[in-house]
Amino acid sequence: MPNLVRKTIFLALLLAAGYPMTGSADLRELRLNVDPERVRWTQMKMTAQKFIFSASTEAKLAFVDSPSLADVIIPTDQGNPVMPGDTVASLGAVTKYFGKESRIQYHMFPDSAQAIQYALDEDGDRTKHRIYRYTDTGIFVRTHRPGNRDQRKDPWPTWPTIQTEWRTIAEAAYGAPIVEPLGLLYLTGAADIGPGIPPVELLSISDRKVVRVRLSGLDASPRKVNYKLSAPNGSWQCKGEVPAIRIAVDGEPVEPQEDVKFQFLGLEEEIEIFVEPESRVVLEVRGKAPIVGNLVTRLKEATLDEPGGCPTV
């Protein structure tokens with residue numbers, strides 16, 4: 001990870017659990033105190049298994065110079081696009097859920113996780129490459145599709161069908177920073193979250209609606225783990241009990257009349273994220289998923305960018 005000195009460009013915001021979730025001025029003031037140096041992982045693989053159902057997420061984190069993304073970050077035809085700074089955090093993920101595979105590339109500010117652009121690739125009968133470009137008043141969406149089945153294996157920039165769409169956001173959230181749900185893999189490690197620290201709040205998107213999300217750090221008993229850890233000084237099979245921070249995830253729609261639940265890694269209720277305090281790898285994600293109910297996703301592999309070893313209680 002590069003030595004990023006811009007650790008506190010955005011204002012810190014630590015809110016008490018009962019803080020009211022209304023008011024456009026409040027939303028524009030939401031800024032997170034995020035330190036990229038807290039995050040030591042560059043790659044994680046997590047899996048879940050329940051009956052015949054299985055799911056997995058492989059995530060890779062990198063920090064890149066914004067000029068290298070000149071041909072990646074797209075222009076918009078509406079709204080004022082969120083423009084990257086000198087350095088961009090790039091979070092890539094491959095998710096497999098209910099037999100479907102999606103590839104995601106999320107570009108965000110390293111010191112806030114604010115969304116710049118989110119790209120999604122899907123194959124099969126719904127093959128497409130879709131780009132979500134964030135602006136101050138909504139999301140500009142550009143979708144590329146192949147013209148026929150034979151073109152599915154061709155590079156997506158060659159596909160003939162291109163559609164654009166404008167998705168407005170709640171007016172109360174105009175100009176406010178928004179974090180894509182996938183960004184929680186990074187944010188739960190980079191933000192100052194833990195027991196005895198007031199909750200952190202942010203805006204996110206779920207089912208095309210803006211959701212106000214609260215992340216509360218709580219005490220947790222040691223977690224049972226069994227994962228492979230790689231670092232510059234070696235590799236280990238970490239098995240046994242390790243310390244953890246439990247992060248409760250709660251979300252409410254910005255517009256109270258909207259019936260929407262915050263979704264993260266296929267979960268939409270009672271979401272908890274367990275993070276190892278030193279490396280900030282995600283050890284475990286718990287919650288309820290549609291159809292399958294209670295589901296636990298556990299860490300299977302992790303790679304660190306500096307010397308390390310298996311954590312101990």
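All residue numbers in this chain count up from 1 along the given sequence.
More than 12 heavy atoms of other residues, nucleotides or ligands sit less than 6.0 Å from atom CG of N233. Counting non-hydrogen atoms of other residues, nucleotides and ligands closer than 6.0 Å to CD of E101 gives a total above 12.
Between I245 and P195, the shortest heavy-atom distance links the atoms CG2-CD, 4.1 Å. Scanning all heavy atoms of the two residues, the minimum distance from F63 to P110 falls at CE2-CB, 3.7 Å.
Side-chain atoms of D192 and I197, non-hydrogen and from C-beta on, do get closer than 4.5 Å to each other. At a threshold of 4.5 Å between non-hydrogen side-chain atoms, the residues L304 and V281 count as touching. For the pair I178 and Y134, the minimum side-chain heavy-atom distance is below 4.5 Å. Looking at heavy atoms from C-beta onward, V64 lies out of side-chain contact with T87 at the 4.5 angstrom threshold. Contact check for T303 versus W41: no side-chain heavy atoms found under the 4.5 Å cut-off.
Counting only residues at least two apart or on different chains, the salt bridge (Lys or Arg N to Asp or Glu O under 4.0 Å) pairs with a member in residues 115-124 are R103-D123, E122-K128. Listed by first then second residue, pairs satisfying salt bridge (Lys or Arg N to Asp or Glu O under 4.0 Å) with a partner in residues 221-241 read R223-E284, not counting sequence neighbours. Within the structure, every pair that satisfies the side chain to side chain donor-acceptor pair (under 3.5 Å) test and touches residues 59-82, not counting sequence neighbours, is listed here: N80-D136. The stretch residues 173-270 participates, sequence neighbours left out, in these disulfide bond (SG atoms under 2.5 Å apart) pairs: C238-C310.
L218 is linked by a side-chain contact (heavy atoms from CB on, under 4.5 Å) to R246, A248, counting only residues two or more places apart in sequence or in another chain. For K45, there are no salt bridge (Lys or Arg N to Asp or Glu O under 4.0 Å) partners at least two apart in sequence or on another chain. Evaluation of the side chain to side chain donor-acceptor pair (under 3.5 Å) rule for S279 yields E276 as partners, not counting sequence neighbours. Qualifying ring-ring contact (aromatic ring centres under 6.0 Å, His included) partners for W156, counting only residues two or more places apart in sequence or in other chains: H129, H144. Annotation: salt bridge (Lys or Arg N to Asp or Glu O under 4.0 Å) contacts of R280 (sequence neighbours excluded): none. Here Y132 pairs with Y118 under the ring-ring contact (aromatic ring centres under 6.0 Å, His included) rule; sequence neighbours left out. Applying the ring-ring contact (aromatic ring centres under 6.0 Å, His included) rule to F262 yields no partners; only residues at least two apart in sequence or on another chain are considered. For the side-chain contact (heavy atoms from CB on, under 4.5 Å) test, residues two or more places apart in sequence or in another chain that qualify with Q49 are S54.
Going from atom CZ of R38 over to atom OG1 of T188 covers 11.5 Å, rounded to the nearest 0.5 Å.
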